[in-house]
Amino acid sequence: METRDTQPLLSVVIPFYNEAGGIHGLFSRLTPALDALGVPWEAVCVNDGSRDATLQELILTARADPRIKVIDLSRNFGKEKAMSAGLAQAKGDVVVPMDADLQHPPEAIADMLVKWREGYDVVYAVRDQRTGQGWLEKLFAKAFYWCFDNLSDVPLPREVGDFRLMDRKVIDAVNHMPERSRFMKGIFAWVGFRQTGILYHQEERTVGASKFNFMHLLRFAFDGLTSFSNFPLRVWGVIGACVSGLAFFYICIRIVRTLIWGIDVPGYESTLVSVLFLGGVQLLSLGILGDYLGRVFDEVKGRPLYIIREIYSWPETSPEPPKD
Ligand code: UDP
Ligand code: MG
């Protein structure tokens, strides 16, 4: 693996949704941490249709520091799309997406850069423990990772979010993925390249509350599974074959019984049970088909992933032209 000894431009991409209260705290920690790296940097802040003073706060911060750029989306598109917007605008040779709530410590970027210099293209941050989640959420997370590993062709590294450092090559690959359903964790894993991890400690959110409740996370997990695997779609063929096999077997038994012992009228329960069971199975499979069809419809419509309302950036005051 060839090492890198250049000074890269570092882009940090941060999506913001109703985070006004935390912006001051974020930049008072982020700016010194990035300055300490000794490389040129820019921060691409995406305002994902916030309804509070996030945009005004961001603009104020960006005015004071030309390295900070603000992308204002036309409405709330969701974190994954906001991040895609930021990644498309980032100019860096290395890019780090991170959350606005300081759950991703900016100091960890130093360790990531070290690994990047060693020659890795993706350095993801692995959290040492999950914070702010109950046992039910942890159980669901385990089940999700188990399903994802077994059903899709790319394994997801455990306890890894979007916080990672990526080389320009990787970002270009991600930007060229056209799909509308943006399960970023899956996309980052799918593109491949030389990947490695570093450990970090995830802190509690300092200001505000998480934007994702349990239902959101469940939907997100289902999105991830269906975007990276066709198994839920195909499994009904297997289930159908099994049920038909069993039914055929049962029909044979009934025919033989009828031939030997004649017709016996009771049979209400078995009829009811099989009708209800099969009805349930059919509705479930229709639901899954519907979900994939909806996804195909979304892709076919070919709408843009997000719409940018305005980009705010203040160029660095250019130096005085040299006198002759
Ligand atoms: N976020 C966003 N759009 C949304 C929801 C969240 O841009 O619709 C941003 C949010 O401002 C934060 C990041 O995504 O910077 C992670 O959100 P949060 O901390 O609520 O998620 P959690 O850490 O609980 O997974
Ligand atoms: Mg958070």
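Every number for a ligand or one of its atoms is a count from 1 in the order of the listing. Remember, it's a predicted structure, so these values are computed and weren't measured experimentally.
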> Among Trp190, Phe222, Phe220, which one satisfies ring pair (Phe, Tyr, Trp, His ring centres under 6.0 Å) with Phe183?
Replying inline: Phe220
>> Out of all atoms in ligand 1, which are within 4.0 Å of some heavy atom of Asn76? Include the element for each.
In response: 3 (N), 4 (C), 8 (O)
> Any idea which atoms of ligand 1 are less than 4.0 Å away from a heavy-atom of Asp101?
Replying inline: 19 (O), 23 (O)
Taking [X] first and then [Y], would you say they form a salt bridge - that is, a charged N and a carboxylate O separated by under 4.0 Å?
| X | Y | result |
| --- | --- | --- |
| Arg168 | Asp93 | no |
| Asp121 | Lys115 | no |
| Arg205 | Asp99 | no |
| Glu203 | Arg29 | yes |
| Glu159 | Arg127 | yes |
| Arg295 | Asp223 | yes |
| Arg4 | Glu118 | no |

>> Main chain of Gln282, side chain of Ser285: is a donor-acceptor contact present, judged purely on distance under 3.5 Å?
In response: yes
At under 4.0 Å between heavy atoms, is it the side chain or the backbone of [X] that contacts ligand 1, or both, or neither?
| X | value |
| --- | --- |
| Tyr17 | both |
| Arg205 | side chain |
| Glu19 | side chain |

>> Just to be sure I'm reading this right: ignoring hydrogens, which of Asp162, Asp99, Leu102 gets closest to atom 13 (C) of ligand 1? Compare them by their nearest heavy atoms.
In response: Asp99
Can you tell me the protein heavy atom closest to [atom] and the distance?
| atom | result |
| --- | --- |
| atom 6 (C) of ligand 1 | Lys211 CG, 3.7 Å |
| atom 3 (N) of ligand 1 | Asp48 OD2, 2.6 Å |
| atom 7 (O) of ligand 1 | Pro15 CB, 3.3 Å |
| atom 24 (O) of ligand 1 | Ser210 OG, 2.5 Å |
| atom 23 (O) of ligand 1 | Gln103 OE1, 2.8 Å |
| atom 17 (O) of ligand 1 | Phe212 CE1, 3.7 Å |

>> Please check whether Ala100 reaches ligand 1 - meaning an N/O of the residue sits under 3.5 Å from an N/O of the ligand, judged on distance alone.
In response: yes
> When you measure from the centre of the six-membered ring of Phe140, is the NZ or CZ of Lys138 under 6.0 Å away and within 45° of the axis?
Replying inline: no
> Counting no waters, how many protein N/O/S atoms sit under 2.8 Å from the Mg ion (ligand 2)?
Replying inline: 2
> Taking the six-membered ring for Trp, are Phe193 and Tyr120 ring centroids under 6.0 Å apart?
Replying inline: no
>> If hydrophobic residues (ILVMFWY) are linked whenever their side-chain heavy atoms come closer than 4.5 Å, directly or via other members, who joins Ile255 in its cluster?
In response: Ile251, Leu259
